[in-house]
> 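Okay, here's the structure, questions in a sec.
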Amino acid sequence: MFTEQFLRKGLKTRLFGTKIYTFNSVDSTNNCAKAVAECDAPEGTLVVTEQQTAGRGRLGRPWIAEPNRNLMFSLLLRPDVTPEKLNLLPLYVAVAVSEAIEKVTGLNVECKWPNDILYNGRKIAGILIEGSVKKNAVDYVVVGVGINVNQEKFTGDLAAKATSLKLECQKEFDRAMILQEVLGSLEDKYRTVSSSGFESVVPQWLSHTTMVNRQISVSQQGNIISGVVKGLSPNGGLILETNGTQQTVLAGDVSVLQV
Ligand code: BTN
């Protein structure tokens, strides 16, 4: 089981993990991080659990992960960005988490807009960002990350769509070490993008994806938009070209049609 003391040993960050809450089981680390954020918890507060009873994914989906074998955590940020820039946060997190996974495993993972991390087309990690805006300013952002680490079996729908570090590398990983690497990567990148502007993550994200020039479709509450990916807007939207006309999509569920 994760303990604060155990996680602190080997943690190379200065800001992320200043306060650490560990649980055996909790409904959702994002819920917990939002609750402490509302009570003025400092930036860098970390919530980690071995199990979630109501883990949440994007678009109201559940996040299902075997207890004691994966990583499920949330990090509280209070970034100095305008609400219009919040769409860049998932991209920053996706790049930082991808780089940490690559460093630890040697796998060449890939970012799928807006915030999935895939290996060979299967999801290896997911990110759920939830922000609070007060008086037209960002009060806090909760960065929820789920990484499939040592899980060996995925059932139902997930059997064809998900994978884990262990399944891809044929070895068991030390979850605390991975969490420490991920937090280090998130903190390093947070410092650089906070000083150079969150837009600076756009070219970094593009270098971690193969979506550009692919035909995709985006589902937005029953409405489907299809087109070819041309890049990202400075605010992190997906630029799609359909019949010679470009549009920027800010949210939705993407299916890649042409591989
Ligand atoms: C997605 O891929 O749809 C996002 C998944 C995010 C899952 C993580 S696990 C830790 C944190 N707590 C939650 O309830 N969700 C995120």
Side-chain angles (χ1 to χ4, degrees), residues 2 7 16-17 20-38 41 45-77 86-87 89-98 100-101 109-119 121-132 140-151 154 156-165 175-176 178-179 182-183 186 205 208-209 211 218-221 236 238 251-256:
F2 294 123
L7 286 177
F16 291 1
I20 300 179
Y21 295 95
T22 58
F23 292 93
N24 239 337
S25 179
V26 74
D27 58 349
S28 153
T29 56
N30 267 35
N31 291 352
C32 198
K34 284 199 277 185
V36 295
E38 294 291 348
T45 298
L46 177 71
V47 180
V48 194
T49 193
E50 288 284 10
Q51 174 177 24
Q52 292 187 127
T53 53
R56 289 183 287 110
R58 286 180 62 241
L59 308 169
R61 296 183 184 129
W63 179 258
I64 297 162
E66 220 174 85
N68 309 308
R69 304 201 58 75
N70 294 299
L71 275 174
M72 289 159 264
F73 68 90
S74 300
L75 184 67
L76 172 63
L77 300 182
L86 278 179
N87 272 344
L89 266 288
L91 307 181
Y92 138 68
V93 176
V95 173
V97 173
S98 296
I101 292 176
V109 295
E110 177 186 355
C111 295
K112 180 184 167 207
W113 190 87
N115 43 8
D116 286 344
I117 300 176
L118 312 180
Y119 182 74
R122 288 173 187 248
K123 190 145 151 176
I124 211 155
I127 296 156
L128 177 67
I129 308 266
E130 297 183 292
S132 166
Y140 66 81
V141 171
V142 166
V143 171
V145 180
I147 305 178
N148 300 330
V149 181
N150 291 323
Q151 186 159 337
F154 293 90
D157 252 18
L158 294 182
K161 290 186 185 162
T163 189
S164 70
L165 306 185
R175 291 176 301 140
I178 293 180
L179 179 56
V182 169
L183 289 174
L186 280 166
W205 187 91
H208 279 85
T209 194
M211 288 180 80
V218 186
S219 161
Q220 291 181 317
Q221 290 151 354
L238 195 63
D253 198 24
V254 170
S255 307
V256 177

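All ligand and atom numbering here is 1-based and tracks the order in the structure. Nothing here was measured: the structure is a model prediction, and the numbers come from that model.
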> May I ask you to say whether R61 pairs ionically with D253, meaning some side-chain N is under 4.0 Å from a carboxylate O?
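Yes, R61 and D253 are salt-bridged.
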> Using a strict cut-off of 4.0 Å, indicate which atoms of ligand 1 neighbour a heavy atom of K123.
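The atoms of ligand 1 under 4.0 Å from a heavy atom of K123 are 1 (C), 2 (O), 3 (O).
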> So, applying side chain to side chain contact (heavy atoms under 4.5 Å, CB included) with V93, which one of L75, V182, I117, V145 is it?
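Going through the options one by one, the only one that passes is V145.
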> Checking contacts here: is it the side chain or the backbone of V145 that comes within 4.0 Å of ligand 1, counting heavy atoms only? Could be both or neither.
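Within the 4.0 Å criterion, V145 contacts ligand 1 through backbone atoms alone.
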> Relative to the heavy atoms of G55, which atoms of ligand 1 are at a distance of less than 4.0 Å?
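By the 4.0 Å cutoff, the relevant atoms are 14 (O).
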> Would you say W63 and ligand 1 have an N/O pair spaced under 3.5 Å apart?
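No; the residue has no nitrogen or oxygen that sits under 3.5 Å from a nitrogen or oxygen of the ligand.
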> Nearest to atom 11 (C) of ligand 1, what protein heavy atom do you find, and at what distance?
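Scanning the protein heavy atoms, the shortest distance from atom 11 (C) of ligand 1 goes to T29 OG1, 3.2 Å.
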> Treating S164 as the side-chain partner and N148 as the backbone partner, does any N or O pair qualify as donor plus acceptor under 3.5 Å?
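Not at all, since once roles are kept as given, no pair shorter than 3.5 Å links the two residues.
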> Closest non-hydrogen protein atom to atom 3 (O) of ligand 1, residue and atom name please, with distance?
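The closest heavy atom on the protein side is R58 N, 2.6 Å.
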> When rounded to the nearest 0.5 angstrom, what is the spacing between CG in N24 and OG1 in T49?
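Atom-to-atom, N24:CG and T49:OG1 are 7.0 Å apart.
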> Taking 4.0 angstrom as the limit and counting only heavy atoms of D116, give me the atoms of ligand 1 inside it, by number and element.
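The list of qualifying atoms is 2 (O).
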> Would a distance-only check, ignoring hydrogens and angles, find a side-chain to backbone donor-acceptor pair under 3.5 Å from R58 to G252?
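Pair found, side chain donor or acceptor close to backbone of G252.
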> Hey, which atoms in ligand 1 end up nearer than 4.0 Å to a heavy atom of G57?
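This gives 1 (C), 3 (O), 4 (C), 5 (C) as the contact atoms.
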> Numbering the atoms of ligand 1 from 1, which are under 4.0 Å from a heavy atom of G126?
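Once the distances to G126 are compared, the set is 2 (O), 4 (C), 5 (C), 6 (C).
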> For ligand 1, which atoms have a heavy atom of R56 less than 4.0 angstrom away?
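Those of ligand 1 that fall under 4.0 Å from R56 are 5 (C), 6 (C), 7 (C), 13 (C), 14 (O), 15 (N), 16 (C).
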> With a 3.5 Å distance limit and no angle check, can you tell me whether E110 reaches the backbone of G121 through a side-chain donor-acceptor pair?
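Looks like no, no N/O pair under 3.5 Å.
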> Is it true that a side-chain atom of R175 and a backbone atom of N68 form a donor plus acceptor pair closer than 3.5 Å?
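Checking the backbone N and O of N68 against the side chain of R175, a donor-acceptor pair under 3.5 Å is found.
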> Any atom of ligand 1 sitting under 4.0 Å from a heavy atom of Q52?
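True for this residue.
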> Could you list the atoms of ligand 1 found under 4.0 angstrom from a heavy atom of G146?
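Reading through ligand 1 atom by atom, the close ones are 8 (C), 9 (S).
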> Spell out, as yes or no, whether a donor-acceptor pair under 3.5 Å connects the side chain of K112 to the backbone of V254.
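Checked: pair present.
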